[in-house]
Amino acid sequence: MKISRPRGTNDFLPAETVKWQHLENILKEVSCLYGFYEIRTPIFEHTELFQRGVGETTDIVEKEMYTFSDRKKRSITLRPEGTASVVRAYLENKLYASGGPVKFYYTGPMFRYDRPQAGRYRQFHQYGVEFFGVAEPAADAEIIILAEDILERLGIDDLEVSLNSVGCPACRPKYYEKLKAYFADREDQLCDLCRSRLSRNPLRVFDCKNSSCQAVAAGAPKVADNLCAECEGHFSELKAILDVCGVKYSVDDFLVRGLDYYTKTAFEILYNDGGTMKAVCGGGRYDNLVEQCGGKPVPGIGFALGMERILQVLEEKNLIAAEIPGADIYAAYVGRESMGTVFGLMKRLRKCGYAVETDYSARSLGSQLKNAARMKVPYALIVGDDEIREGVVEVKDMTAGTQEKVAVAEIENYFKGRMLND
Ligand code: HAM
């Protein structure tokens, strides 16, 4: 029986991985401009980290985690997102000790057992940033500006930031009570899951996909009308900075995000995927998460971009042209006896940075040159007994069709400065 890849996962072949690399290079470059440096955390963590970090009432923890026991019967989970892991690493490596702001970025695979469809996978990749130690709205503005900058550099300039404030522990309890009362009166219209979560986290009804729950949620009290003065001030200040910077955003009263750790700012950047709005980016502030994970209180904020989704948008808009670079030189030869000389020449040319291809089975010169033409290499070397004896190789310009003899000792100099594939 053939073994196929697990549902919701992808093989990325070289024609696609060049596009991933192009995207990753831009992400790395822009991150450094904003002072975010790379952190790499394990792909699996103790399950408890996500239970505590992401939250017990989230879809992620309730039904989407890849959790298993290791050989010592410890519960291990493949990371469903990056923030909880980065917070754990921040604490474990005592990065709070500097007292100043700490900024990271990361890229890598995340795992969620969701129903796969276009743009939604069980193994997907995120680029994320996490910014610790600044409670002021300037940090919120900085990362939203960073997200917009990334999209702009990629050529995507028509996506808008959807923004909201989800309150803090000071204003949330009163708001939750109001919400619970509102939903309790309409409990019969809610799905089983929302009903079961109601007492623990009424916000979850807002991101339930069930149409009846959505209809009930549309009339619910808005968090924006129930913010404390501190949260309201924070939100106004953030909006003022974004306005001055010309960041396009719209306030979405019902944006609450699907993770429990958010406080104050929450935002998403959406795109239209064949009629359904999907998020390419989601993030927000999490001022209590570090404490919840066992540290002293340190404010934090971050976001993550879905890399498959970004690449999908880039493809649709024809904004990504990265191609496999291909070889510069094809080293053809006559007879197995010439192979040693050819491998020596190839090593020298590769040392100079040229991509060199050859034939590994000493086929006829005709079929080797046909292969070179198919690969669209600009130059072919032809090495035969006579050439080896004379200490020369034939160099064929594959575009002009011309051919000339070049001394073996001069081969690097001959190619220096010539236009090759890029
Ligand atoms: P999230 O909204 O769960 O946030 O995920 C961020 C982005 O990852 C989404 O906007 C989407 O583009 C992508 N994404 C999520 N699930 C899938 C999936 N199944 N298939 C493909 N793409 C997906 C977080 O993960 C937070 N950790 C973001 C954050 C960082 N908040 C603060 N810091």
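The figures here come from the full heavy-atom set of this structure, side chains too, leaving out hydrogens, waters and symmetry mates. One-based numbering along the sequence shown.
With salt bridges taken as basic N to acidic carboxylate O contacts below 4.0 Å, one links Arg5 and Asp11. Under the 4.0 Å criterion applied to side-chain N and carboxylate O atoms, Arg348 and Glu412 are assigned as salt-bridge partners. A salt bridge links Arg204 with Asp260: the distance from a Lys NZ or Arg NE/NH1/NH2 to an Asp or Glu carboxylate oxygen falls below 4.0 Å. Salt bridge present: Glu230 and Lys264 bring a charged side-chain N and a carboxylate O closer than 4.0 Å. One finds a salt bridge joining Arg200 and Glu62 here, because a Lys/Arg side-chain nitrogen approaches an Asp/Glu carboxylate oxygen to under 4.0 Å. We find that Arg195 and Asp188 are not joined by a salt bridge, their nearest charged nitrogen and carboxylate oxygen being 4.0 Å or further apart.
Within the 4.5 Å cutoff, no side-chain heavy atoms of Ser162 are placed close to those of Tyr249. Using a 4.5 Å heavy-atom threshold, the side chains of Ser85 and Pro42 count as separate. Leu381 places a side-chain heavy atom less than 4.5 Å from the side chain of Ile411.
Contact record, Ala373 with Met398: N-CE, 3.7 Å, taken as the closest heavy-atom pair.
For residues 197-224, the pairs satisfying ring-ring contact (aromatic ring centres under 6.0 Å, His included) are Phe206-Phe254, with sequence neighbours left out. Pairs engaging residues 220-242 under the ring-ring contact (aromatic ring centres under 6.0 Å, His included) rule: none recorded [sequence neighbours left out].
Looking at residues two or more places apart in sequence or on another chain, you find a salt bridge (Lys or Arg N to Asp or Glu O under 4.0 Å) between Glu38 and Arg40.
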